[in-house]
Protein chains: 2
Amino acid sequence: MTRKNKRRSKAVLTLLAVAAAVTVLGWLAGCGTTGDQPAPTTVASGDTDAVIAARGLTPDDVYAAVKTYVPTGKKDEYVMFSSGGHSGQVLVIGVPSMRLLKVIGVFTPEPWQGWGYSNETREVLAGGNVGGKEILWADTHHPALSETGGDYDGQFLFINDKAQARVAVIDLRDFETKQILNNPVTTSDHGGTFVTPDTEWVIEGGQYAAPLGTAYASIDQYAEKYRGMVTFWKFDRSAGRLMPDESFALELPPYWQDLCDAGKLASEGWIFCNSFNTEMATGGIEDGNPPFEAGASQRDMDYLHVINLEKAVELAGAGRTIEVEGFKVLPLDVAASEGVLHFLPEPKSPHGVDVTPDGEYLVISGKLDPHVTIFSFDKLKNAIEAGTFSGQDDYGVSIVDFDAALETQIELGLGPLHTQFDDQGYAYTSLFLDTAVARWSLGGDAGAKNPDPAWSLVQKTGVHYNIGHLVAAEGDTVSPDGGYLVALNKWSVDRFLTVGPLHPQNFQLLDITGTGESMKLLYDMPIGIGEPHYVQMINADKLNAWEVYPEVGWNPLSQSKDPNAVAIGEEKVVRNGKNVEIWMTAVRSHFTPERIEVEKGDHVVWHITNVEQAKDATHGFALPNYDINLSLEPGESTTLEFEADVGGVFTYYCSEFCSALHLEMVGYFLVKS
Amino acid sequence: MTRKNKRRSKAVLTLLAVAAAVTVLGWLAGCGTTGDQPAPTTVASGDTDAVIAARGLTPDDVYAAVKTYVPTGKKDEYVMFSSGGHSGQVLVIGVPSMRLLKVIGVFTPEPWQGWGYSNETREVLAGGNVGGKEILWADTHHPALSETGGDYDGQFLFINDKAQARVAVIDLRDFETKQILNNPVTTSDHGGTFVTPDTEWVIEGGQYAAPLGTAYASIDQYAEKYRGMVTFWKFDRSAGRLMPDESFALELPPYWQDLCDAGKLASEGWIFCNSFNTEMATGGIEDGNPPFEAGASQRDMDYLHVINLEKAVELAGAGRTIEVEGFKVLPLDVAASEGVLHFLPEPKSPHGVDVTPDGEYLVISGKLDPHVTIFSFDKLKNAIEAGTFSGQDDYGVSIVDFDAALETQIELGLGPLHTQFDDQGYAYTSLFLDTAVARWSLGGDAGAKNPDPAWSLVQKTGVHYNIGHLVAAEGDTVSPDGGYLVALNKWSVDRFLTVGPLHPQNFQLLDITGTGESMKLLYDMPIGIGEPHYVQMINADKLNAWEVYPEVGWNPLSQSKDPNAVAIGEEKVVRNGKNVEIWMTAVRSHFTPERIEVEKGDHVVWHITNVEQAKDATHGFALPNYDINLSLEPGESTTLEFEADVGGVFTYYCSEFCSALHLEMVGYFLVKS
């Protein structure tokens with residue numbers, strides 16, 4: 001095996017040919033040395049026992065290990081779409097392995113996926129400009145998968161930006177963002193995104209009250225001039241776009257709207273948004289006022305906003321809206337007088353409002369009340385129809401009598417926040433202050449699926465610090481799957497190795513198979529990017545993403561063939577005065593052309609097509625000193641445009657490893673000055 | 001448990017107090033319901049067996065599961081610092097769990113950690129401007145942990161940007177980037193960063209040849225005017241900064257330099273960089289020339305650059321350098337004539353050069369040669385001293401006779417790339433085309449530690465597609481740990497659920513305990529952000545990061561108390577003409593002040609101190625419509641500065657969940673227009 005003679009030239013040249021063949025054949029066939037054949041078993045059970053002993057694993061640990069481990073080549077059962085929090089992105093995570101499969105660039109430029117560098121992706125990001133100003137970050141909160149009949153259909157994902165009141169649309173064929181829109185009516189949102197059961201409307205509820213249209217008004221004029229809002233974005237499924245001209249907002253009192261949920265089945269056509277700071281505190285701790293945290297927590301009750309969406313749409317269609325910054329707004333007095341909007345008292349500093357899978361109940365969690373409060377939609381509707389009101393608020397909105405709509409309350413513990421559901425008639429509520437997940441039984445037909453008494457607390461399982469949201473498999477649809485639940489813990493404190501004063505968050509996976517007191521903690525997943533807020537978990541079988549683009553020359557923004565797609569042999573460089581236009585191909589492992597010379601000051605338009613059709617044969621395109629990096633997936637065609645304002649010699653190169661000769665996939669860009 | 005009466009006001013107010021107390025005490029004590037007490041065992045072994053059967057796990061799978069699972073609250077043994085590839089960042093990953101602990105913002109703004117939004121972080125990013133132009137992405141390749149005596153010391157991490165020839169310094173006390181520098185001599189790098197055994201020098205080798213100083217020269221003048229380079233950055237450990245004035249580059253022929261490694265122990269004081277494209281191909285496929293991939297692969301041998309760093313430093317100190325763009329450069333003719341630079345032939349299209357732990361051998365992997373070529377440093381040095389040369393290249397550099405320096409060659413398989421080492425005298429080489437890891441035995445004293453014959457191939461283990469680099473625990477130091485090895489696979493093809501045409505990469509963890517043919521695949525980790533290039537793996541015990549900043553009011557850039565730190569009670573807003581300066585505190589859960597009003601057009605300077613001292617009590621600071629988000633870790637003080645150019649009412653708020661009343665941590669910023 002050892003030899004000292006020099007290597008022979010012929011042998012090496014043959015190797016180069018073999019290398020190319022092995023590479024291409026192996027990749028195209030999608031098989032290799034660790035391909036589909038299971039490896040022979042080489043481990044004796046004694047070895048496994050020795051590892052368990054040496055690592056001090058308990059029987060619970062071993063159970064959790066085999067419950068979550070996904071061997072090479074096997075796939076996860078579920079996919080979580082997680083808000084990336086203040087990263088502005090979306091995280092895609094496999095369950096039960098809790099592995100991060102992808103970060104989707106949404107509101108923030110993401111160079112490794114070329115997000116924000118090509119003309120097409122810049123156009124999407126520019127949709128999120130606020131008053132003409134580039135905003136290149138976001139505070140993403142609530143992802144919403146598109147639904148058909150109240151069930152996830154795996155086609156689209158929506159997500160909001162709390163900081164700037166924006167919404168984005170992601171196409172799950174290629175997991176790329178296609179649209180970002182700014183809500184011109186307000187400056188922050190929170191109760192979004194949520195969808196109606198057939199995704200006709202995407203809901204975006206406001207958060208902090210401000211003058212509509214981002215106008216200025218003194219804080220002294222809070223009650224008169226500041227307003228809340230909820231916006232209904234019309235979604236065109238075939239275009240894959242939100243339609244601003246067919247959308248409208250509903251003006252609300254300057255309470256701080258929080259989470260929303262759409263009615264389903266029994267309650268379809270209705271929207272529920274809760275609120276806090278009905279005290280209308282305006283802060284001012286520096287002047288001796290109570291700080292917001294106290295000022296906004298005085299009252300025992302805030303108001304659930306009960307919205308008749310069908311009626312709102314009807315009024316908007318009948319021209320009862322006004323325009324704010326070019327956007328249709330249904331005024332508060334119209335909404336109040338026409339029965340679009342009613343209030344229902346809800347305790348206290350409410351955070352979550354979650355509609356049960358059958359649409360019959362609304363579960364309210366007031367974070368400063370140890371109960372969940374359960375309203376019957378049927379009772380609520382009857383009360384509205386019968387006019388069983390306890391009064392009106394200062395803005396003329398009728399307040400439905402609390403007891404008339406109440407089904408029951410269940411004491412769960414300290415700091416209830418959010419609720420999800422499973423397939424056995426259980427509900428799961430996060431308890432922030434108890435740092436626990438409460439399993440409780442629903443009443444009605446759903447609750448009869450499990451052996452526990454209706455409307456009763458069944459088990460509380462400790463999780464780690466500061467659980468915010470939680471998610472169960474398809475746990476907010478009309479047909480939850482059960483099996484897995486994830487606690488989205490905001491702090492991690494001592495769970496992981498210390499990586500500096502900024503600690504990761506902690507997603508904890510729980511086993512919720514079984515009934516009664518059977519919930520088990522399975523896995524701690526550190527979240528080392530952003531602070532996820534809410535997550536949805538979809539059965540992986542419902543996703544049907546493209547492995548490569550359908551056709552060579554594909555434009556991911558139009559989802560059709562690009563008119564500037566370049567085929568091999570058609571590459572060219574055309575100069576027209578100060579404009580230089582380039583049509584280039586990329587293939588393993590060269591760009592054509594490999595030399596491009598322009599004059600300093602030229603305007604450059606550069607079309608690139610990755611002509612590959614093999615899965616995973618992505619090419620990058622880095623252009624040094626011009627702040628450009630693209631990612632061209634197999635079949636993708638894209639365009640970039642810039643001023644050649646820096647003189648010198650630069651090597652554009654493939655920045656995504658593509659073959660043994662990847663380092664040689666390069667060209668010279670000369671800017672003569 | 002169920003009740004229908006309304007909740008009582010007093011009970012709720014008490015709860016609020018309890019909530020605060022529970023929160024603070026629980027957090028400060030660092031314990032909770034799932035704290036340090038192990039949970040009682042609830043799982044019968046039959047349950048575990050049932051899960052194994054239901055999930056179809058093999059005995060190998062179960063071994064891998066228990067070998068990699070890290071239960072809640074237990075810590076990983078190793079930490080990997082991974083290049084984030086074209087994300088421009090660094091990934092921090094725990095081993096053996098393969099969990100992503102953190103993404104460190106380096107070259108690319110990262111809003112969730114406030115990276116690129118405060119004055120301090122903008123200053124660091126501005127250090128990476130190229131010719132005055134902002135470059136807000138990078139293609140990070142090779143992270144290098146600081147070393148003492150050739151062993152990782154856990155203090156600093158360096159990383160390069162291939163696309164723009166930049167280097168960055170990360171302080172591992174807080175895992176934050178402190179410095180970015182652009183190399184003004186060239187436009188791309190690759191052979192960096194690597195450190196000398198005591199981190200006196202950080203090495204940055206070039207990649208694609210270009211005129212020095214990023215000047216323009218026609219491609220026809222390639223041989224005369226284009227040049228390669230390697231740069232030696234002087235590191236001041238006490239300042240934690242690279243010192244440009246004490247650094248210098250070495251001018252090299254216009255071959256494409258690739259990877260470098262520093263000598264250690266026996267070879268300390270020497271630097272080794274390999275190269276390809278000694279053919280000096282200049283591309284031009286569009287004009288009928290061979291493409292780079294073929295043109296740069298013609299010759300059987302390229303040149304290992306053997307650099308006497310001590311002599312280079314001596315000559316630089318003696319004023320033998322010239323200046324290029326204000327940076328010291330030791331000219332090629334001086335280096336060649338003074339014995340700083342020698343070439344050693346190396347087969348073929350070499351990629352990795354790796355010095356053995358004892359410093360006695362250099363392992364060369366030519367990606368188009370099936371062998372690793374092993375040179376003896378002793379023989380090499382003797383040959384240089386004896387003048388055993390086979391000639392000179394066109395630039396007057398002496399070429400050491402290949403056979404005079406050769407120790408041996410070992411045939412491993414197709415496409416060898418990189419080599420790492422363990423504690424048992426084994427070396428591990430990645431085989432790109434075989435998609436395998438080869439374990440082979442060293443010779444000499446090291447090789448005697450294992451039962452296998454010296455200089456022999458021991459085992460090849462299949463991994464998945466396109467292994468590039470690989471890393472073993474402390475596997476490039478003077479004292480590797482063994483135990484774990486990770487294959488950095490560039491494609492994932494069919495290993496994971498499809499998440500669109502852009503697939504993740506795949507890190508595969510291997511068990512390298514045992515001798516002989518005992519290597520086992522343990523775990524597949526998808527990399528869903530960037531394309532990592534190289535990784536280093538350090539024993540977690542060597543890291544000693546801060547859990548909170550040492551003192552309230554800490555400035556992370558100066559790593560000392562900030563002169564504008566704000567204590568509680570000292571908050572203020574001071575107007576001076578058009579300048580408004582704010583001193584603010586952040587604490588659970590309010591900002592002080594809560595109302596700030598300025599005039600449109602004012603210049604705003606805003607100092608914020610997070611006065612918390614509890615672990616993980618980070619506060620965010622989002623300022624809507626002004627494209628600002630900060631992350632203030634416990635104790636941190638920071639400053640931001642902007643023009644109030646957008647009129648309206650905006651709510652700054654805490655964007656990192658901090659308490660039950662986090663949503664109420666908000667203030668009004670009014671810009672009167």
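The figures here come from the full heavy-atom set of this structure, side chains too, leaving out hydrogens, waters and symmetry mates. By convention in this document, chain letters (A, B, ...) are assigned in the order of the sequence lines, proteins followed by strands, and residues within each chain are numbered from 1. The structure presented is a predicted model; accordingly, all values stated were derived computationally and were not measured.
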With a 4.5 angstrom heavy-atom cut-off, could you sort out which part of [X] is near chain B: side chain, backbone, both or neither?
X: A:E571; answer: neither
X: A:K67; answer: both
X: A:V51; answer: side chain
X: A:E134; answer: backbone
X: A:S655; answer: both
X: A:P634; answer: side chain
X: A:V79; answer: side chain
X: A:V499; answer: both
X: A:A64; answer: both

Chain B interface, residue from [options] that has the most non-hydrogen pairs under 4.5 Å:
options: A:T48, A:V130, A:T214; value: A:T48
options: A:T618, A:L136, A:V62, A:L543; value: A:L136
options: A:G648, A:G500, A:P501, A:A163; value: A:P501
options: A:D616, A:D627, A:L100; value: A:D616
options: A:V666, A:V671, A:T651, A:I219; value: A:V666
options: A:G647, A:S492, A:A540; value: A:S492

Quiz prompt | 4.5 Å side-chain heavy-atom contact, B:H464 and B:T435 | solution =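 No, every pair of side-chain atoms sits at 4.5 Å or beyond.
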
[X] versus chain A, the contacting section by heavy-atom distance below 4.5 Å:
X: B:K367; answer: side chain
X: B:S631; answer: side chain
X: B:V92; answer: side chain
X: B:V646; answer: side chain
X: B:S188; answer: side chain
X: B:P291; answer: both

Quiz item: Is the closest side-chain donor-acceptor distance between B:Y549 and B:D174 under 3.5 Å?
Solution: yes

Quiz prompt | A:E656 versus B:H86, side-chain donor and acceptor atoms under 3.5 Å | solution =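 A pair is found: one side chain offers a donor N or O, the other an acceptor, under 3.5 Å apart.
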
Over all atoms of both residues, closest heavy-atom pair of [X] and [Y]:
X: B:V493; Y: B:H503; answer: O-ND1, 3.9 Å
X: B:F292; Y: A:E594; answer: N-OE2, 3.0 Å
X: B:P526; Y: A:L101; answer: CG-CD2, 3.8 Å
X: B:S87; Y: A:W112; answer: N-CB, 3.6 Å

Chain A contacts, top residue of [options] (heavy-atom pairs, under 4.5 Å):
options: B:R55, B:E176, B:Q164; answer: B:R55
options: B:V548, B:L497, B:L670; answer: B:L497
options: B:L502, B:D61, B:I135; answer: B:L502
options: B:E547, B:Q113, B:R595, B:K490; answer: B:R595
options: B:T498, B:I52, B:D139, B:L57; answer: B:T498
options: B:G284, B:G620, B:G415, B:A210; answer: B:G284

Quiz item: Can a cation-pi geometry be assigned to A:K75 and B:F496, taking NZ or CZ under 6.0 Å from the six-membered ring centre and within 45° of the ring axis?
Solution: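 No - A:K75 does not lie over the ring of B:F496 by the 6.0 Å and 45° rule.
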
Quiz prompt | Identified ring pair (Phe, Tyr, Trp, His ring centres under 6.0 Å) counterpart of B:F657 within the set A:F432, A:Y465, A:W491 | solution =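 With B:F657 as partner, ring pair (Phe, Tyr, Trp, His ring centres under 6.0 Å) holds for just one option, A:F432.
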
Exercise. Give a yes or no on whether the backbone of B:T72 and the side-chain of A:D524 come within a donor-acceptor separation of less than 3.5 Å.
Key: no

Exercise. Calculate, to the nearest 0.5 Å, the distance between atoms OG1 and CH2 belonging to A:T108 and A:W137 respectively.
Key: 8.5 Å

